[in-house]
Amino acid sequence: MRRLLLEPEEYCRRWVPVHQGKHPGERGYRAACVRELAKVAGIKESTIDINWGANFEKRPNYMPRLLRMADVINQLKQVLPLPPEFPFE
């Protein structure tokens, strides 16, 4: 069942370069991760930045499952003609 979960760092490595244009090690990468995670979770960036820890190790327990769902949607958007903001419209 572990494969159904996706931690914030892995989600960021996969999707921040695509959605935010930043790559690991670049200046502003963590801020881009925070923006992307906030978008997926529907919460304020400051909540993530302040409460989740430097490497997102204090993330809420629901996040790995939510990030896996977002990952699947992102993969589908790469092959299907879905609206750019789907499913957050």
Asn51/Lys58 under side chain to side chain contact (heavy atoms under 4.5 Å, CB included): CA gap, chis, key distance, verdict: CA-CA 7 Å; Asn51 299 324; Lys58 297 177 187 175; over 6 Å; no
For residues [X] and [Y], determine if any side-chain heavy atom of one lies less than 4.5 Å from a side-chain heavy atom of the other.
X     : Y     : value
Leu37 : Arg59 : no
Leu6  : Pro64 : no
Leu5  : Met63 : no
Arg13 : Pro24 : yes

Are [Y] and [X] linked, directly or through intermediate hydrophobic residues, by side-chain heavy-atom contacts shorter than 4.5 Å (ILVMFWY only)?
X     : Y     : answer
Val40 : Val16 : no
Val72 : Val79 : yes
Ile48 : Tyr29 : no
Met69 : Val18 : yes

Checking [X] side chain against [Y] main chain: does a donor-acceptor pair fall under 3.5 Å?
X     : Y     : result
Glu26 : His23 : yes
Glu57 : Asn55 : yes
Lys22 : Arg27 : yes
Arg30 : Ala54 : yes

Test item: side-chain donor near acceptor, Gln78 and Asn74, under 3.5 Å: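 Gln78 vs Asn74: no donor-acceptor pair found between side chains.
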Carboxylate-amine/guanidinium proximity below 4.0 Å for Lys44 and Asp49: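 Here Lys44 does not pair with Asp49 in a salt bridge, since their nearest N and O are not under 4.0 Å apart.
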Nearest heavy atoms of Leu66 and Ala41, plus distance in Å: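 For Leu66 versus Ala41, the nearest heavy atoms are CD2-CA, 3.9 Å.
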Tyr11 and Trp15 aromatic ring geometry - parallel, tilted or perpendicular at 30°/60° bounds: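 If you compare the ring of Trp15 with that of Tyr11, the planes turn out tilted.
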Stepwise side chain to side chain contact (heavy atoms under 4.5 Å, CB included) test for Glu9 and Phe56: CA-CA 7 Å; Glu9 285 187 334; Phe56 312 116; 4.3 Å; yes
Mind checking the [atom1]-[atom2] spacing from [X] to [Y]? Nearest 0.5 Å is all I need.
X     : Y     : atom1 : atom2 : value
Cys12 : His19 : SG    : NE2   : 11.5 Å
Glu45 : Glu36 : CD    : CD    : 10.5 Å
Ile73 : Leu80 : CD1   : CG    : 11.5 Å

